[in-house]
Structure formats: structure tokens, C-alpha cells
Amino acid sequence: MRDALSILASATILPPSATPSGDYRRRNRHSTTSTTTKPRPKPNPKQKPQFPASSPLLSSPRWDHRQRLTYYSQLASKLAEDGRFEDFLMIAESVVASGVKISEFLALLKSENVASGIVRVLREGKLSAAVDLLNNGIRKLGVEPVLLFDAVAVESLKAECRRLLKCGEVERLASLMEIFAGFQFPIKELVEPSEVINLCINKRNPTAAIRYAQNFSHAEVLCCSIILEFGKKRDLLSALKAFEASKQNMSSPNMHSYRTIIDVCGLCGDYLKSRTIYEGLLAENITPNIYVFNSLMNVNSHDLNYTLDIYKKMEKLGMMADITSHNILLKSCCLAAKVELAQDTYKRIRELESKGVLKLDDFTYSTIIKVFADAKMWKHALEIKEDMVLSGVIPNTVTWSSLISACANAGLVEKAIVLFDEMLQAGAQPNTHCFNTLLHACVEVCQFDRAFRLFQCWKEKGFQQTISNDKLKNADKFEAVDRMTEMGVPHRLCSHLTMRVPFRPTISTYNIMMKACGTDYYRAKDLMDEMKTFGLTPNHISWSIMIDVCGGSGNVLDAIQILTSMRESGIQPDVIAYTTAIKICVERKKPKLAFMLFAEMKKYQIKPNMVTYNTILRARSIYGSLQGVQQCLAVYQHMRKAGYKPNDYYLKQLIEDWCEGVIQTECQNKGQFASHTTDFGRQSLLLEKVTEYLKDSNGSLFIDLRGLTKVEARLVVLAVLRKIKEKYAAGNSVKDDLFIILGQQQHGARATRDEIGVRDAVTRLLQHDLALQVYETGSRSGNEPSRGNQGSPRSSGLDLEVVENGSLAETSESPTRRPIALQRLVVTRESLHHWLQRRTVLSKR
DNA sequence: ATAGGGTTAG
């Protein structure tokens, strides 16, 4: 125990003699808002203070009881304010030991000083130790610490909370709250809980949010909403942290938080994580509840097999799958487009219903309707509607929407409109979503006028409703209906629209309508402006549609310009916007612009996708020149590097067409080979070779046909010949024989059938179709009539067994190379000359 | 406490 004297000595406070007791005033403990001061309540006169003799100061005859108490409470207040809670407690203990009631002491204590002392140690980061001390010390004196804080203290604490809120000091705020919650203080009074939680979420501080939430009795619910909020912000990492933090201080696993984090995984697109979480539960031998199972199935619903596995797992555990589980299973079938499985599932659910186990709901019916809608089975969809009505489930807006799209997807606009009408008759409230479906139905079948009439009519009626409410006079109404009927809107539809379809368009509405503009760029532009008057901002899709509409009107340059407008309006063009623009260029036969845009994508680091590549490669007919083909091949290589499978149909077509162009007029039966299709797995080799041989840098007259089929070999030879021809036309004559490697033979082994096939096909092409002079050589190089062989046969990227100057591996140290002899064809330079002179003008394609 | 519908590029 420390000496009270030393405490007094260090306390910077005036002796009580300088403080007239009657003058001492303190603020009223019970006032909540008023800051005015009141005289402090007089101590109970019956109270006879008994100060122990051991405390000389307390028993000093110079002071009366009240003076002493006032002095010590002031001293204690000061000590608390300085954060010296140990000393503060010692005073309190001495006072109590002297026989004074603690409540009397507390009544005199300046509790705002205690509060600010706590704030002070909080700022110094030494809060918890100090508070533990205070908490225990005060409790030991038989008082709840909450009594330390009166209205004034609460006000100062509130102010501190507001300050911490404003500064975004969530950690400190959470600490403060934890402490006061520990005092059994109603912390809800200090600051609005949602404000604290929102701040923690905005500050991306999941642990502070959870720490705060755990001070409340409904912590589980709060923790779940925190996890969900992070999910809504697509911040899975923080959500997971919140989830982990919420597991602390939790006696039993909280299934609610498990299902929430699983839902959040779905929101954030990380379905694999949801599986990990589920497996974690299993590993701990915890059986998830049905909500966890349903959420897991839902998050993984795009993976039918997994969903089915979970469904079976539930069965194995003897857990009754409820209607939600079944609905999710149906949804999974729907996403996988497994119509039959969906039908079976639907039947099974119906059976369960007839046994009284389940009750089908609007979700069930709407989902199976969507299955049929997607499969264009509109009749089946309508049958489900009958089932639904018979079992007494009322179709809702979503059900009607799905039914309308069932007809729309099948191209039945009339039926879609009849259904819409029926929906209104049935008293269902259509919403914008539903209206969009209907408008889209019209656009899908190119009934643009009809889309506009409906749109116009919806807009007018919607306005009237909002402007004049229901005060619309009957006469006006009839007039409006007449006008709409004139516009071709069904009469019944008009009257319903007049009554209750408010016009609340979305971006989608305008996007659909912009599509309905076809190639009328100015109309689409007007719609875009109109959209802004409704407070809607065009999105990526709007801009892409604008590019399409503008380009469709033939205005390629303006269409490209839209990419810039888009960027200027704050929306970075995405891969779709660029692909659309490239499509326009290709359609309008502007390959150079298309390639320019393609290059621009690289500049803006927009990765082309399969559609982009196919779009730019599509217009093969417009690339007639070697340069064009080279550009295409470069795109092709780019594509492979980006990891796309080289199964490109267009490019093969391009090469075939271009190569065949060599003999277009010389060979009548050219279709014979061109009609063959090489199988996709082998194309990469073919295309690689063509790409290699067509490079400008590759000047050698050398072709390696090993590994190719005869159709492919023919293409490669034709490609090289075509290149020679184009080079010749540009003034480069042939200076060498053309070497063609067919295959290799080990010692006396016979050539394979394939190799013979290739040799025959190529020989026939060269000799018969093109009348070139060809001879075959199977022996070692050097035996054929030599012409210096300047063109090096070594070609980059190809591993050849031929070394320079035609001598085969004489200097090689590898013994395995020695016996290899190359089967090759040689096309003489003279005959190539003749061939070139025969047709110096390239056939125009 | 659970789930569902419409729009963009081949």
C-alpha cells in the first residue's frame, strides 16, 4: 500500500481551506442534457462519519466531514483525470475504510474526470490494464462501475465517441466500447451501433466490427450482417476475417454465420471457398444444418454434379431436403440446361407433394418454367402455369416474366403480349423488369416499331399517373386508349397500362430500346440523352450498343470515335466494346482499322478473348495480300500465346483459300483438296509451319513437311509457292532450288504409308498441277546437282537434321544422327522461273 | 435467415 501522503504530494490541487465548501458546486447527476449547474445535494445529516485514526489527514481536526469528503473526491477526480487509476482506487478504498458510504463518495466524484481519464489512457494505448484495475477495484468496493459515469460523463464520452467516429479511429472506438460493455454500461447510448459498424465496414476493418458487435446480446445476428455487408462490397477477404473473428468467443458453432459466409462466397464468385468452409465443418465433425446445405448448394448451383452430391449427402445424413433444397436443385438443372433431369426432379417434387411431405411454391413453378423458357419449350412452360393454378399457387411477377420470356425466346411476340395482358387481368403488378422482358421480346424478333409503340405508351401512361395521379378524367382516358389503339397496342393492354404501370425505366430498358433503333444512330443518341434526364447513366452495354448502331449505319469512323466518347464519359471501353468496334470494321471491309483497334486494345491492356480473335480473323475474304495473311497469322500466334486453343476454323479457311489462289486458274479440280478438313488437334503444327514460312525474315527456299498429313503438306507447299509468287511480283526473283523434306529413313527402313502419301500428293501437285520440274533424292545431301545452296535450310524454330552446306551431320558428335537420311524433293530454280513467268499477275480474289 | 426474371461481341 502506498502512502496517501505521497499521493497528495503529487496531486496538483489546492488545499481545501482555499475552497469554500459552500461554493463548491457540481453538475446534476440526473440531468441528461442540461449543462447548467446546480448546488450539490446536501449529505444526509444522519450520517455520522467515522474516520479511522490511522488516517491522519482524514481525522485532521481542521476540516469537517463534508470538507474532507469534498477534498478527497476532488483529489480522486483529479487522479482519475490523469489516468492514475491505481491511486484513485487507493483513495476510494481509504474513504470506504473510513466508514463513508461509497455512494456518498461517488456522488461527489467528478465522473466526467473519470471518463476523460479513461479517454486519456485510451489515447495513450494503455487502456485495458487501467480499466481492468478500475473495474476490479470498484467492484471490490461493492459498486457497479457503471455508476462511475453520470450524465455529464456520458456526454463527454459521447463527444469522444463522435470524435473517434469522425477521425475513423475504429480500433480505439472498439476498445472503448469493449471496456464500457465490460462495465455493464449500456454502450448503445454512447453512439449509434449502426454508425460504428458501418464505419468499420467502410474502413475495411472486419475485426473491429466484430469486436464491437460482440458486446451486444444479439452478437450473432450482428456478426452475420457484418459478414454479409463485406460480401455485398465484394470483399471476400474481409468477410472471411469477420467470419473467423466471429468464431472467437463462441461456445458453439454458429450455423447462421456459416451459411452467411457461404452465401458471401457465392456473392464474391468464389464458390470453391464455400466448399472449403463446408469441408472444414465436416472435418470438425459438425453436422451442418439445412440452411448451410441449401446455401452451399445454391452457391455451387452452376455445378450440377456437386449440387447433386450435396443433395445426396443430405439424404445420407437423414436430413429432410426441404422445398428450398429442391428448388435449388431445379435451378442447378436449369443452369446446366438439363431439361430432362429438371423434368424428373419436378415430377419427384410433385410426388413428394402428393404424399404431403412438401408444398411446391412459386419458386418451384417459376424455376421449372424458366427451364422450359430457356429450352424454347414454350408449350411446356404454359402447362406448368396450369399445374400452378390448379394447385392454388398464385403466379407472381417473376412467374409471369418467365412465361413471357418463354414466348419471347420462341419468337412469339403476340403470345408474349397476350400473356402480359393476362397478367394484368389476373391482378399481378408488373414491374420494370417485366416490361423490359416484353420490350426485349419485340426486339429479339426485330419488331422494332412495336417495341417503340409499347415503350411510348408505357412512358405516356406512366407520366400521367405520376403527374395527375388517378385524377385522370374518363374522357381523357378514353382518348388516350383510342390513341394507343391507333398505335397498334391491344385495347385491353392500353386500358390496363393507363391504370397501373408506372414508368420507371432502368438502364436495361434504354439499352433494349437503343437496340430497337436498328441502324438509326440519331434515334439511339436521342434515347441516350433521354436516359440521362431520368438520372440514368449509360453503362458499358449502352455504349457497345451505340457502337453497333452507329457502325451498322455505315459510319465506321464515328463508331470508332464512340470508344473515345465512352472513355471521356468515365467508362473505360471493355473487351466487348472493342470487339464490337472491330466487328464493324470487319463488316465494313476496313481491315486496317480493325488491326489498329486490335493494337489499341493492347495499349489499354484490354485482353482480347475468343470472340475478339474470331471476329478479327473472320473476314478472311478481305485479306488478299501476303501482308494481310501475315497479319492474320500474327493474330493467330497472339491468340495461342494468350492460351486459346488453336481450333480456329476461320484461319484455316483463310490459309486454304489464300493458298489455293496460287493455282486458281491452273487447276480445275481445286475443290478436291480444299474440301478436306484437317482435324483440329493437328492444326497447330500446320499453322505454325505456315506462319514460319510466310515470315518476311524467312528467305530460305526450304520446306519441312514432316509430321503433316498430305492435305496439310499440300497447303504448306502452296503457301510457300504463293509467297514466292508475291515476292516475284514485287521484284524478287528466285535464286535457288526449292527443297522439300518429306521424311527421314533409318537405314533401310521403308517409308511409312503416310510419307508415301505426302510424297505422292506433293509430287502430283508440283508436277501435274503446276508443271514444275521435280526430282527426288533419298540419299545424303551433296549428291544432287549442287548450285551452291546459299539458302540455308536451317529455319528458326524447326529442328532439322540438315546442316549447312548440305553435308549431313558429318561433324556431329551424336551417333544417332549419322544414319539418318532425308527423303526430299527438289524443285529446280529454272522450272520455278518458268512457272512464275507464265502468270506474273496474281489472281485477284 | 434460404432461392427466381430482362440488356452487350462470334
Side-chain angles (χ1 to χ4, degrees), chain A residues 220-221 224-225 227-228 254-260 262-263 266 289-299 301 307 322-332 334-335 361-371 373-374 395-406 408-409 416 430-444 451 505-516 538-549 551 573-584 586-587 608-619 648-650:
Chain A
E220 292 197 359
V221 181
C224 286
S225 57
I227 296 169
L228 192 61
N254 173 12
M255 283 304 144
H256 196 340
S257 74
Y258 271 97
R259 69 81 40 91
T260 308
I262 288 173
D263 287 341
N289 69 10
I290 189 135
Y291 292 112
V292 172
F293 273 120
N294 286 349
S295 280
L296 183 66
M297 280 170 68
N298 187 46
V299 164
S301 58
T307 309
D322 62 7
I323 189 63
T324 303
S325 324
H326 287 97
N327 290 345
I328 293 167
L329 197 58
L330 264 184
K331 173 186 166 182
S332 191
C334 181
L335 288 170
D361 63 9
D362 48 350
F363 279 90
T364 325
Y365 291 112
S366 300
T367 310
I368 189 74
I369 286 171
K370 174 137 201 301
V371 170
D374 291 351
N396 61 23
T397 308
V398 177
T399 321
W400 286 109
S401 259
S402 296
L403 284 167
I404 291 167
S405 15
N409 289 347
N431 55 17
T432 299
H433 219 299
C434 190
F435 223 89
N436 287 352
T437 308
L438 195 58
L439 289 173
H440 181 230
C442 297
V443 174
E444 275 295 275
T506 60
I507 297 177
S508 286
T509 314
Y510 274 95
N511 288 350
I512 295 166
M513 292 319 295
M514 277 160 60
K515 257 187 100 175
N539 62 12
H540 284 95
I541 299 175
S542 326
W543 288 105
S544 294
I545 295 171
M546 282 302 283
I547 293 169
D548 204 26
V549 171
D574 61 352
V575 63
I576 296 178
Y578 266 100
T579 306
T580 310
I582 289 172
K583 182 196 80 172
I584 295 301
V586 169
E587 274 174 359
N609 61 23
M610 202 63 184
V611 181
T612 320
Y613 286 118
N614 287 342
T615 304
I616 200 159
L617 293 172
R618 182 165 46 118
D648 192 277
Y649 172 78
Y650 296 122

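Note on naming: letters A, B, ... go to the chains in the order of the sequence lines (proteins, then strands), and numbering restarts at 1 for each one. The shown structure was predicted, so the numbers you read here are calculated from the model rather than taken from an experiment.
- Atoms CG (A/Asn539) and P (B/dT8) sit 11 Å apart, rounded to a whole Å.
- Atoms CG (A/Leu330) and P (B/dG4) sit 13 Å apart, rounded to a whole Å.
- Shown here are the salt bridge (Lys or Arg N to Asp or Glu O under 4.0 Å) partners of A/Lys331, two or more places apart in sequence or in another chain: there are none.
- Between the base of B/dG4 and the side chain of A/Asp361 there is no donor-acceptor pair shorter than 3.5 Å.
- Comparing B/dA9, B/dG5, B/dG4 by their nearest atom to the side chain of A/Asp548 picks out B/dA9.
- Look at CG on A/Leu335: it is 8 Å from P on B/dG5, rounded to the nearest Å.
- Distances from the side chain of A/Arg259 to the nucleotides B/dT2, B/dG10, B/dA3 place B/dT2 closest.
- Closest approach to the A/Asn396 side chain among B/dT7, B/dT2, B/dG4 is made by B/dG4 (side chain taken as heavy atoms from C-beta onward).
- When the nucleotides B/dT7, B/dG5, B/dG10 are ranked by their closest atom to the side chain of A/Ile541, B/dT7 comes out on top.
- For A/Asn327 against B/dG4, a side-chain-to-base donor-acceptor contact under 3.5 Å is absent.
- Side-chain contact of A/Thr364 with A/Asp361: a donor-acceptor pair under 3.5 Å is present, judged by distance alone.
- Checked against B/dT7, B/dA1, B/dT8, the side chain of A/His256 finds its nearest nucleotide in B/dA1.
- Between the side chain of A/Asn609 and the base of B/dA9 there is at least one donor-acceptor pair of N/O atoms closer than 3.5 Å.
- For the salt bridge (Lys or Arg N to Asp or Glu O under 4.0 Å) test, residues two or more places apart in sequence or in another chain that qualify with A/Asp374 are A/Lys370.
- Of all nucleotides listed (B/dG4, B/dG5, B/dA9), B/dG4 comes nearest to the side chain of A/Ser366.
- If you measure from atom CG of A/Asn289 to atom C1' of B/dT2, you get 10 Å, rounded to the nearest angstrom.
- Comparing B/dG5, B/dA3, B/dG10 by their nearest atom to the side chain of A/Met610 picks out B/dG10.
- At a threshold of 4.0 angstrom between heavy atoms, the contacts of A/Ile328 with the nucleic acid are absent.
- The side chain of A/Tyr291 approaches B/dT2 more closely than any other nucleotide in the set B/dT2, B/dG10, B/dG4.
- Residue A/Ser544 places no side-chain atom within donor-acceptor reach of the base of B/dT8, judged by atom type and a 3.5 Å distance cut-off alone.
- Side-chain to base pairing of A/Ser402 with B/dG5: no donor and acceptor N or O lie closer than 3.5 Å to each other.
- Applying the 4.0 Å criterion to OP1 and OP2 of B/dT7, one finds that A/His440 has a side-chain N or O inside that range.
- For the pair A/Val292/A/Ser295, no side-chain contact is recorded, criterion being any heavy-atom separation below 4.5 Å from C-beta on.
- An OP1 or OP2 oxygen of B/dG4 is reached within less than 4.0 angstrom by a side-chain nitrogen or oxygen of A/Lys331.
- The OG atom of A/Ser402 sits 8.5 Å away from atom CG of A/Asn396, with the distance rounded to the nearest 0.5 Å.
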